[in-house]
A.B. asks: 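I am attaching a structure below and will ask some questions about it afterwards.
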Amino acid sequence: MIRALNVAEHNVFSDPPRVVVVPAATATEAMPNEQGKDSGEIAYRYIQNVGANPCYYSFGLSNGAGGPQCDATINFHGYLAVGQQLDCSNHRQKVCVYSTGGTTIATTLMRRRDLTA
C-alpha cells in the first residue's frame, strides 16, 4: 500500500495529554511499551523536558521487576536539556527518563486510524 502524507492528515488523533513528574534520582516511565498492542498505528510519539533540570532517557530497558531502568551513568541512550524535545516515533518500546534533580516530561502521542475499514 502506498501512502501519501498530507500537510494535515484527517485520520490522526492525539491521545490525551500526559505530563510525567520525574522525582529526583528516580527512573520513571515516560511512555509505556506499545509493542504487541493492537492500539493503532503510531503516527507521532514525542517527549519534551519541560521541567527545571536536564534528564537522561533510555529505550526498552527494564529492571529485574519489569520497572523502568535509566540512570546517569551507563543505563541511558541520550540526554535532554531543559526545553528539548525527542522524537520517539520510530519504535514502540518503553521510554524511561532519569534526572538527578528531578524534572517534568510532557508527552505527545498521536495515532493514525485506518479509514479503509
Side-chain angles (χ1 to χ4, degrees):
M1 178 173 145
I2 297 174
R3 180 180 302 242
L5 295 177
N6 299 325
V7 174
E9 293 187 60
H10 294 285
N11 62 336
V12 172
F13 300 91
S14 71
D15 282 8
R18 193 167 74 86
V19 176
V20 179
V21 175
V22 181
T26 304
T28 306
E29 183 177 280
M31 292 215 155
N33 181 9
E34 297 269 347
Q35 292 178 316
K37 294 182 181 177
D38 188 21
S39 56
E41 181 182 349
I42 292 175
Y44 308 100
R45 198 165 88 132
Y46 295 92
I47 62 171
Q48 184 174 12
N49 185 2
V50 296
N53 296 302
C55 69
Y56 297 84
Y57 61 87
S58 68
F59 300 133
L61 297 182
S62 296
N63 62 21
Q69 184 174 10
C70 188
D71 59 38
T73 54
I74 60 171
N75 293 310
F76 68 93
H77 289 99
Y79 176 85
L80 286 175
V82 173
Q84 278 189 309
Q85 187 176 51
L86 177 67
D87 184 356
C88 303
S89 303
N90 58 352
H91 64 84
R92 288 178 167 248
Q93 294 178 316
K94 170 191 329 198
V95 180
C96 301
V97 293
Y98 176 91
S99 176
T100 54
T103 194
T104 304
I105 301 294
T107 65
T108 302
L109 179 57
M110 301 187 81
R111 300 178 193 275
R112 185 175 289 114
R113 294 188 190 152
D114 190 1
L115 299 177
T116 62

A.B. asks: Would N49 and T103 count as having a side-chain donor-acceptor pair, cut-off 3.5 Å?
C.D. replies: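 Present: a donor and an acceptor within the cut-off.
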A.B. asks: Taking I47 as the starting point, is it possible to reach V50 by hopping between hydrophobic residues whose side chains are less than 4.5 Å apart?
C.D. replies: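 Different clusters: V50 never reaches I47 through Ile, Leu, Val, Met, Phe, Trp or Tyr contacts under 4.5 Å.
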A.B. asks: Using the side-chain contact (heavy atoms from CB on, under 4.5 Å) rule, take V97 and V20 through it: C-alpha gap first, then chi angles, then the decisive distance, then the call.
C.D. replies: CA-CA 10 Å; V97 293; V20 179; 5.5 Å; no
A.B. asks: Report the distance from atom CD of Q85 to atom CD of Q48, rounding to the nearest 0.5 Å.
C.D. replies: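 Q85 CD to Q48 CD: 5.0 Å, rounded to 0.5 Å.
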A.B. asks: Quick check: do L80 and C55 have side-chain heavy atoms less than 4.5 Å from each other?
C.D. replies: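 Touching, per the 4.5 Å side-chain cut-off.
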A.B. asks: With sequence neighbours excluded, what pairs up with D87 under the side-chain contact (heavy atoms from CB on, under 4.5 Å) test?
C.D. replies: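 Residues passing side-chain contact (heavy atoms from CB on, under 4.5 Å) with D87: Y46, S89.
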A.B. asks: Measure across K94 and E29 and return the closest heavy-atom pair with its distance rounded to 0.1 Å.
C.D. replies: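 Of all heavy-atom pairs spanning K94 and E29, the closest is CD-OE1, 3.4 Å.
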A.B. asks: Between CD1 of I42 and CZ of R111, what distance do you get to the nearest 0.5 Å?
C.D. replies: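 Answer for the CD1-CZ pair, I42 versus R111, is 5.5 Å.
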A.B. asks: Taking all non-hydrogen atoms of both residues, which atom of T100 and which atom of A72 are closest, and how far apart?
C.D. replies: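 Heavy atoms of T100 and A72 come nearest at CG2-CB, 4.4 Å.
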A.B. asks: So do the side chains of I105 and V22 get within less than 4.5 Å of each other, counting heavy atoms only?
C.D. replies: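 Side-chain contact under 4.5 Å: yes.
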A.B. asks: Side-chain contact, heavy-atom cut-off 4.5 Å: T108 with S14?
C.D. replies: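 With C-beta onward as the side chain, the pair stays apart.
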A.B. asks: Carefully, step by step, assess Y44 and L109 under the rule side-chain contact (heavy atoms from CB on, under 4.5 Å).
C.D. replies: CA-CA 6 Å; Y44 308 100; L109 179 57; over 6 Å; no
A.B. asks: What closest approach, in Å, do V82 and G51 show between heavy atoms, and which atom pair accounts for it?
C.D. replies: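 Closest heavy-atom pair between V82 and G51: CG1-O, 3.1 Å.
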A.B. asks: Once rounded to the nearest 0.5 Å, what's the spacing between atom NE2 of H77 and atom CG of L86?
C.D. replies: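 H77 atom NE2 to L86 atom CG measures 11.5 Å (nearest 0.5 Å).
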A.B. asks: State, to 0.1 Å, how close C70 and Y98 come at their nearest heavy-atom pair, and which atoms those are.
C.D. replies: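 Distance-wise, the nearest heavy atoms are O-CD1, 3.4 Å.
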A.B. asks: Roughly how far, to the nearest 0.5 Å, is the CZ atom of R113 from the CG atom of N11?
C.D. replies: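 These two atoms lie 9.5 Å from each other.
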A.B. asks: Between NE2 of H91 and CD of Q35, what distance do you get to the nearest 0.5 Å?
C.D. replies: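 It comes to 9.0 Å.
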A.B. asks: Mind listing the closest non-hydrogen atom pair of T107 and A30 along with its distance?
C.D. replies: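 Distance-wise, the nearest heavy atoms are CG2-O, 3.5 Å.
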A.B. asks: As an exercise, state the distance from CG of D71 to CG of N63, rounded to the nearest 0.5 Å.
C.D. replies: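 Reported value, rounded in 0.5 Å steps: 11.5 Å.
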A.B. asks: Using the six-membered ring wherever Trp is involved, compare the ring planes of Y56 and Y79 and label them parallel, tilted or perpendicular (cut-offs 30° and 60°).
C.D. replies: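 Plane angle over 60°, so perpendicular.
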A.B. asks: C96 and Q69: which non-hydrogen atoms are nearest, and at how many Å?
C.D. replies: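 That closest heavy-atom pairing would be SG-N, 3.8 Å.
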